[in-house]
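Throughout, protein chains are lettered first and strands after them, A, B, ... in sequence-line order, and every chain is numbered starting at 1.
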Amino acid sequence: MFNNYFTITLRNLLKHRFYALISIFGLALGLGCFAVLFLLILHETNYDTFHQHSDRIVRLTEVIKRDGIGEHSASVPFPVASALEKEFPEYIEKSVRLFNFQAPFILLSNPESGKKYNEKKLFFADKTFLEIFDFPLQSGDSKTALSRPNSVIITPKIARKYFKNEDVIGKKIKLWNDIELEVTGVFEPLPLHSHISFDFICSFPTIYKGLTRHNKNWVWNPCWTYFLLTDNGANFQAEFEQKLPDFVKTYFPEALRDLVRLELQELERIHLYSNLDYELQANGDADYVWIFKIMSVFVLIIAIINFINLATVRSSLRAQEIIVRRAIGASRQDLMAQFLVESLLVSLLAVLPAFIMVELALPFLSDLSGNPLRKGIIEPIEVSCILTLTAFITGLLSGIYPAIHLSHFQASTVFKGAFPIGQNNQFIRRFLVVLQFVISVFLLISTSVINRQLLFLQDARLGFDKEQVLILPVNWARDILYNYDSFKSDLLDSKAITSVTAMETILGRASQTHEYRTKKEKEFTFIPSIIVREDFIKTFNIKLLAGNSFTEAHLDLTWEADLNQSYCPKSDPLRGAVIVNEAYVRFKGWTPQEAIGKRLGTGHSQEKIVGVVENFHFLSLHHEITPFLFNCTLDRRKFMTKYVVIKINENQTTEAIQQVRQVWSSYTKALPEYFFLKDNLAELYTKEQRLSEISGGFALISVLVASMGLFGLTSFITEQRRREVGIRKALGACNKSLVILLSQEFLVLVSVGTIAAIPLAWWILQSWLDSFSYAVELNIRPFILAGFITTHVTILTVILHVARMVRQTPISEINQ
Amino acid sequence: MIKAVNLQKVYRSLNVETVALDNINLEIQAGEFVAITGPSGCGKSSLLNILALLDKATRGDLFFFGRNTAQMSDREKANLRKRYLGFVFQSFNLIEELSIFENIELPLAYLNIPKNNRRIRVHQVMEQLQIAHKQRAYPQQLSGGQQQRVAVARAIVTNPKILLADEPTGNLDSAKGREVMDIFSRLNENGTTIILVTHSQRNADYAQRVLHLYDGQIVTENINRLAF
């Protein structure tokens with residue numbers, strides 16, 4: 001019997017090629033989209049799960065806040081790991097620290113070839129790195145690879161880049177043109193779903209000498225610190241966390257004890273649930289994964305509805321066959337089995353094109369952090385299984401309704417020769433069409449709102465100039481750091497460069513927090529701030545509300561910096577000068593004018609406010625503006641200068657870059673590296689960019705699939721009414737009235753769908769926008785646009801059929 | 001073989017009640033050739049539907065091989081149909097997507113007969129009705145007469161005890177119609193019971209017994225001696 005079902009299915013598909021193509025291609029598109037989103041969801045939710053002990057690994061984080069101001073850092077001070085391990089052996093089995101000097105890149109070279117590289121993904125790690133994490137080595141001994149100073153493990157990609165092959169054990173790489181590192185291992189290709197992304201892991205003892213002072217520093221917190229908990233620690237993590245405040249009281253300096261809170265983060269939750277200061281890389285977002293889940297179900301529902309509707313109308317054309325089968329002995333169960341088998345076969349036919357579509361699309365896909373997805377759909381077997389299972393369930397779902405509906409046809413009509421064709425299923429069909437359009441309109445509205453929000457984030461007025469600003473990382477170019485003033489002066493020799501300054505972190509992207517004394521002598525508060533150089537306010541064109549910029553303060557020597565000026569030579573005219581933002585002044589309860597001249601103490605000196613600037617976004621627009629200050633004080637400027645900022649004249653970019661390269665090479669042998677601030681800041685919104693691209697793509701596909709379904713349905717319905725159209729034409733109906741007659745049902749359905757989608761979209765999108773500190777206002781425009789698009793697509797779809805029909809002579813239609 | 005007692009069929013739609021069959025009593029013996037005639041709307045098709053177990057009577061009893069069908073489930077009736085009944089329709093009702101061979105094979109498939117046996121039996125029937133050369137063709141490639149032969153082949157392929165035919169020659173010219181009726185005659189001679197619904201007196205003449213229906217009632221019952 002199965003053969004018979006199979007035969008008749010294939011012949012039916014061939015006979016009704018048009019419907020078959022729409023059904024199969026529509027379902028394949030739906031399944032393909034579902035699979036892509038499923039892959040994305042799988043990728044996002046499986047971050048860091050590949051480690052054997054991932055359920056026992058935690059990261060230590062540090063909250064340093066007073067009155068809500070400060071930071072929640074993903075990294076902690078140097079000595080915390082060993083002290084905690086010593087204090088709580090019952091909870092901690094091992095610990096590992098990762099450290100990279102918080103440098104944008106580190107200079108490496110191949111001593112054999114002399115080639116230099118600026119490397120961004122280099123970390124120094126304790127030897128336990130390979131014991132806690134599962135990053136297997138393809139060569140080298142994992143037990144000793146990080147034991148000795150001056151050892152480095154590299155990825156196969158780096159081995160090829162530096163040495164042209166992967167057999168590189170014992171080869172040398174130079175760090176900062178100074179320290180010779182020996183390659184002691186090569187990693188196997190790294191998993192892509194890891195929040196720790198690296199190319200080099202150097203042994204921590206390599207830099208012990210230079211860090212002796214910091215090994216006892218409980219303030220500077222540059223180490224990403226992970227613990228492998230004991231079984232006891234993993235089972236009683238909350239109990240362990242309760243003991244951390246006492247640890248802080250015992251070990252941290254007195255001035256910090258009331259400010260600091262240590263917290264544990266489960267490794268597997270970092271990627272989706274952590275968005276702290278100084279993250280290793282931009283993480284994903286659990287809410288966005290939910291959006292993808294909803295979107296995947298939506299697109300699949302649209303495709304399934306199409307499939308069901310077309311299967312139903314197609315099967316309605318087979319009333320005669322069904323009744324004859326019943327008359328000659330087929331039971332209702334036989335018929336249901338036939339329709340289910342047919343439907344399953346057709347849905348499984350859609351799996352192959354779906355697989356092909358996903359394979360073709362995969363190279364272009366990346367996750368929320370911008371990392372590429374896994375290699376293919378075949379590799380994670382669960383995706384292939386889910387895809388096939390989904391097709392199977394779709395086939396079953398879409399077969400059930402026609403099977404039940406058609407198996408109820410009365411066999412007694414067989415002698416009358418009048419077979420019922422698609423009358424009883426109108427209500428369900430209409431409901432399904434409305435549901436399809438609710439989803440399509442919702443996705444269209446969402447895409448429009450997400451796009452507007454993205455544009456708003458990218459183009460928002462930040463309160464400083466980001467156009468024509470070139471950033472030059474200089475942290476390891478000592479020759480430049482020590483000769484900054486003449487370097488700056490040489491750059492300014494070019495007319496293409498209008499202004500030069502320097503800073504500690506990239507303005508608009510990140511800030512540090514530095515400790516400032518409150519009124520009490522031994523009490524500190526950590527205020528988000530950036531250490532900068534002269535001409536900063538001018539270069540970024542930040543609006544001054546009161547006082548002077550650093551340049552003007554330069555001339556104002558009427559005040560004296562005092563107290564413990566160990567870092568600050570008396571000859572420095574800017575010693576102790578800070579500029580605060582409006583939020584800081586408001587936080588203190590001052591007016592901008594009142595703030596001028598007020599003093600703030602650091603651990604080393606007594607700073608003075610020389611200017612107040614208008615509020616600006618020193619971090620991404622995900623964050624609210626909080627009190628903030630620029631510090632141009634102390635000789636630490638030299639140590640803290642990581643980026644030179646160059647403001648370039650419009651249309652003179654090439655000349656400016658030429659000048660930068662020329663001046664750079666006259667000062668240092670280090671490799672120049674530069675980027676534009678605007679491009680760098682755009683990366684802050686990678687997540688939103690990805691969401692916008694994904695939602696846009698899927699909204700378009702959903703409308704396409706829904707339209708394909710509508711096209712099939714209207715084709716069927718207009719065919720059904722061909723005779724009626726002929727009679728109406730014979731009686732004098734004009735083409736316009738016929739178009740209205742045939743399209744009004746669908747227009748009503750689409751309108752109902754649009755209206756139903758509006759409150760749903762409004763509610764969900766408003767909640768999404770509320771999650772941003774700064775967001776666009778939800779207005780009526782996206783709703784009108786979505787309604788406009790769907791209505792016009794509907795009209796176009798119907799007109800394509802109707803136009804063909806109204807061109808024919810009335811008699812040819814009546815005779816049909 | 002078939003016995004109808006006080007059969008009544010009433011169709012109801014909204015407030016209108018139409019009596020299609022009223023107090024029908026009849027008995028059909030094995031091997032009989034019975035024709036049911038009458039004007040349009042007299043209830044011929046309603047009676048055929050009930051006798052063919054495709055429809056239920058509103059009142060009265062229908063006995064099939066001595067068993068009352070009133071309490072039978074749909075599945076039981078479907079089983080009886082596929083084991084004992086064959087159908088021939090005015091509009092042939094062949095399945096367009098199936099070839100001639102597959103159309104004829106279909107009732108055997110519903111009886112779960114093994115494939116080899118099916119093939120042998122279908123070939124026998126096609127030989128018998130002289131359509132073997134068309135086995136790979138599709139219904140729409142055949143003439144009306146050939147299609148009706150195929151329909152008859154499909155009806156008799158399971159060796160049904162009873163063949164029910166509704167205006168089997170209605171869509172055929174007189175020569176082709178005669179051919180079909182000759183086939184029915186031969187089948188009847190071989191022991192198949194035939195119940196024929198027809199307008200045509202010429203077709204009715206093939207039957208041994210002719211029932212005339214008028215307004216849902218059997219008004220006359222003639223025995224056709226020539227047909228014996």
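Residues satisfying the ring pair (Phe, Tyr, Trp, His ring centres under 6.0 Å) criterion with H123(B), sequence neighbours excluded, are F101(B). Here Y84(B) pairs with F65(B) under the ring pair (Phe, Tyr, Trp, His ring centres under 6.0 Å) rule; sequence neighbours left out.
Only the side chain of I95(B) comes within contact range of chain A, with heavy atoms under 4.5 Å apart. If you measure heavy-atom distances from K77(B) to chain A, you find no contacts under 4.5 Å at all. Neither the backbone nor the side chain of E167(B) comes within contact range of chain A; no heavy atoms are under 4.5 Å apart. With a 4.5 angstrom heavy-atom cutoff, R154(B) touches chain A only via side-chain atoms. Heavy-atom distances place the side chain of D334(A), and not its backbone, under 4.5 Å from chain B.
A salt bridge does not link E102(B) to R118(B): none of the charged side-chain nitrogens sits closer than 4.0 Å to a carboxylate oxygen.
Using a 3.5 Å distance cut-off with no hydrogens or angles, the side chains of N306(A) and Q436(A) do pair a donor with an acceptor.
Judged by distance alone, with hydrogens and angles left aside, the side-chain atoms of R209(B) form no donor-acceptor pair with the main-chain N or O of V34(B) at under 3.5 Å.
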